[in-house]
Number of protein chains: 2
Amino acid sequence: MHTVTTVNVNGLRAAARKGFGSWLAGTGADVVCLQEVRAEPGQLDDGLRRPEGWHAYWAPAAAKGRAGVALLTRSEPERLRIGFGEPEFDDSGRYLEADLPGLTVASLYLPSGEAGTERQAEKERFMAAFLPYLAGLRKRAADDGREVLICGDWNIAHQPADLKNWRANQRNAGFLPEERAWLSRVFGEEGGYTDVVRALHPDTAGPYSWWSYRGRAFDNDTGWRIDYHVATPQLAGRCVKAYVERAATHAERWSDHAPVTAVYGP
Amino acid sequence: MHTVTTVNVNGLRAAARKGFGSWLAGTGADVVCLQEVRAEPGQLDDGLRRPEGWHAYWAPAAAKGRAGVALLTRSEPERLRIGFGEPEFDDSGRYLEADLPGLTVASLYLPSGEAGTERQAEKERFMAAFLPYLAGLRKRAADDGREVLICGDWNIAHQPADLKNWRANQRNAGFLPEERAWLSRVFGEEGGYTDVVRALHPDTAGPYSWWSYRGRAFDNDTGWRIDYHVATPQLAGRCVKAYVERAATHAERWSDHAPVTAVYGP
DNA sequence: CTTCCAATG
DNA sequence: CATTAGAAG
């Protein structure tokens, strides 16, 4: 029985100034996955670095002020792992994994970039290395009788239903054919994972989890669904509820992403 | 008859957001010298670039967001000059000169830097080139029967009375022996100029015109007098009133400097 | 449009 | 402690 939330905070220090703390205090989740922390633990206030009632783990990027993922868990994990074994990304602040009893849960922040740039090439290298890792992780977990849940900002919308203007974005990073095909492999035989939110809501547009700060994207709900719960099928089948906490970042707008929460039954 | 104000605005766009406009609307000056504009004219709102009732002249630095001086005059100058003939500093946004009838007035922003750095070396090169220019300017003006007034942020406190903690600052840029000696030459035979505010207030501590943003420098009046009216002696003798508008940047604090105003009688 | 950094003051 | 620009998103 787990309630898990993932949210890209777009700078935890800025988010904390604008209300992240009260959101965290009010959440019923027992696992929170954070992305784009953009700070080293030492740059965070005590109450944020070690929040009351949580075990907190940080994987900052070597580059200051960039990326950075974290995991907050109500119970203490048995094991932690930073990175997924690809040296280029080991200290890039993009992957942090924890073993809880019967469940491996990870916070992922996949690179983003504009089409045709070096950043996009980096994203593609990440994708190429990460898929085999994911597949291997699922197989090892199956052998151990564990479930796996990779939460985070994957920076890719999978299908037309996953963003407002899919036609206009077919040549934009985040909805490129090769990115979508890669996600299909994650969700297909090769990866063997399930897109939890889409499985529960097969016919909705969205629910979006990111809206650009530019223009009136949030007000018009011109969003993208790029933050996922990616789970082994058995775990996904146990999900009884999944939703985007649009209101959490609405009034105070402490991030351009909204938390994505799923409740996994026993 | 002139009322002249000089103020380092520490970024005119930021100052405008915080109340520079209402200060300008309320000033009785007919010449305003600005330093650290930190913007090209095109980056300023219309009302700021061409303020109602003023002629406005801008000398931005080639390096974006750095330095930049300006002159606002109620009457149109006969001539304008950017730089003082030293190529290194011609487009550094540090010197702008205007000829009004019988008066040459300039806005100066002398480089600042930390002792022992390349910035300090640049400051010293500026000082070395600027003193002969000043001396020549005074002589030419004398031949023409003109007065000269160089207003601005000279980034040097001259004497112990010109900063709160002079003992602690003897090795800090802005109060180094060589900088003080250079100002003494400006105010001595070689330059031939007068420190207008000090001439009127020979026995006051300060009045300071800059307070660091760090700590409680402003509240404790831990300030420096580094913004000067530097005038030919005859003009200085006509000064009937000289003061620092501490309140102008107190309530709203639109700069770390305060305006320094002097009234020159006929 | 917002984050954070770096250089600068 | 504040400014601006620039990289990044």
Side-chain angles (χ1 to χ4, degrees), chain A residues 8-18 20 35-40 43-44 60-68 92-94 109-115 117-120 122-123 153 155 172-174 210-219 222 224 226-227 249 253-257, chain B residues 8-18 20 35-40 43-44 60-68 92-94 109-115 117-120 122-123 153 155 172-174 210-219 222 224 226-227 249 253-257:
Chain A
N8 177 318
V9 295
N10 190 27
L12 185 54
R13 285 169 291 179
R17 283 194 298 273
K18 294 190 272 178
F20 171 84
Q35 300 89 38
E36 273 206 273
V37 169
R38 303 182 71 173
E40 293 173 35
Q43 297 175 298
L44 301 173
K64 288 184 72 171
R66 306 234 186 285
S92 66
R94 298 194 174 272
Y109 176 45
L110 210 136
S112 75
E114 300 200 13
T117 65
E118 163 54 27
R119 289 273 144 193
Q120 182 66 14
E122 182 186 326
K123 182 178 187 175
D153 178 357
N155 265 317
N172 289 139
W210 174 76
W211 304 264
S212 170
Y213 276 125
R214 301 173 213 198
R216 304 199 205 309
F218 189 88
D219 297 337
T222 304
W224 295 50
I226 57 181
D227 301 281
T249 48
R253 202 100 165 93
W254 46 262
S255 173
D256 49 348
H257 294 248
Chain B
N8 176 318
V9 294
N10 190 27
L12 185 53
R13 285 170 290 178
R17 282 194 297 272
K18 295 190 272 180
F20 171 83
Q35 300 88 38
E36 273 206 274
V37 169
R38 303 183 70 173
E40 293 173 35
Q43 298 174 298
L44 301 173
K64 288 183 72 170
R66 305 235 184 283
S92 66
R94 298 193 174 272
Y109 176 46
L110 210 136
S112 76
E114 300 199 12
T117 65
E118 163 53 28
R119 289 274 143 193
Q120 182 67 14
E122 182 187 325
K123 181 178 187 175
D153 178 356
N155 264 315
N172 289 139
W210 173 77
W211 304 264
S212 170
Y213 278 125
R214 301 173 213 196
R216 304 200 205 312
F218 189 88
D219 297 337
T222 305
W224 294 51
I226 57 180
D227 302 279
T249 47
R253 202 99 167 91
W254 48 260
S255 174
D256 49 348
H257 294 248

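Side-chain atoms are counted along with the backbone in the values below, which use heavy atoms only and exclude waters and symmetry mates. Bear in mind that the values here come from a model prediction, so they are computed numbers and not experimental data. Sequence lines set the chain letters: A, B, ... in the order given, protein chains first and strands last, and positions in each chain run from 1.
A distance-only check finds no donor-acceptor pair linking the side chain of K123(B) to the backbone of A115(B) [under 3.5 Å]. Checked by atom type and distance alone, the side chain of D153(A) never pairs as donor or acceptor with a backbone atom of D227(A) at under 3.5 Å. Listed for the Q120(B) side chain is no donor-acceptor partner under 3.5 Å among the backbone atoms of T117(B).
Within the nucleic acid shown, R216(A) has no heavy atom closer than 4.0 Å to any nucleic acid atom. Q35(A) comes within contact range of no nucleotide atom at all, as no heavy-atom separation falls under 4.0 Å. If you check every strand for non-hydrogen atoms under 4.0 Å, E36(B) touches sugar and phosphate atoms only. Heavy atoms of E118(A) sit nowhere under 4.0 angstrom from any nucleic acid atom. Residue contacts for K18(A): at a heavy-atom cut-off of 4.0 Å it reaches the sugar-phosphate backbone alone, with no base atom in range.
Between L12(A) and G215(A), the residue anchored closer to the 5' end of DNA chain C is G215(A), taking for each the nucleotide with the nearest heavy atom. Between G65(A) and R214(A), it is R214(A) whose nearest contact on DNA chain C lies nearer the 5' terminus.
Donor-acceptor pairing under 3.5 Å is recorded for the side chains of W210(B) and D256(B). For the residue pair N8(B) and E36(B), a side-chain donor N or O sits within less than 3.5 Å of a side-chain acceptor on the partner.
Between chain B and DNA chain D, the heavy-atom contact criterion of under 4.0 Å yields a 5' to 3' nucleotide range of dC1(D) to dA5(D). Boundaries of the chain B contact region on DNA chain C are dT8(C) to dG9(C), first to last in 5' to 3' order (nucleotide atom under 4.0 Å from a heavy atom).
Summarising the geometry of N10(B) relative to R38(B), their closest heavy-atom pair is OD1-NH1, 3.5 Å, with the distance given to 0.1 Å.
Ring orientation note: the planes of W211(A) and F218(A) are nearly perpendicular, at an angle over 60° on the 30°/60° scale.
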*Determine, step by step, whether E114(A) and R119(A) satisfy the side-chain contact (heavy atoms from CB on, under 4.5 Å) criterion, reporting the C-alpha distance in whole Å, the side-chain angles of both residues, the deciding distance to 0.1 Å, and the verdict.*
CA-CA 7 Å; E114(A) 300 200 13; R119(A) 289 273 144 193; over 6 Å; no

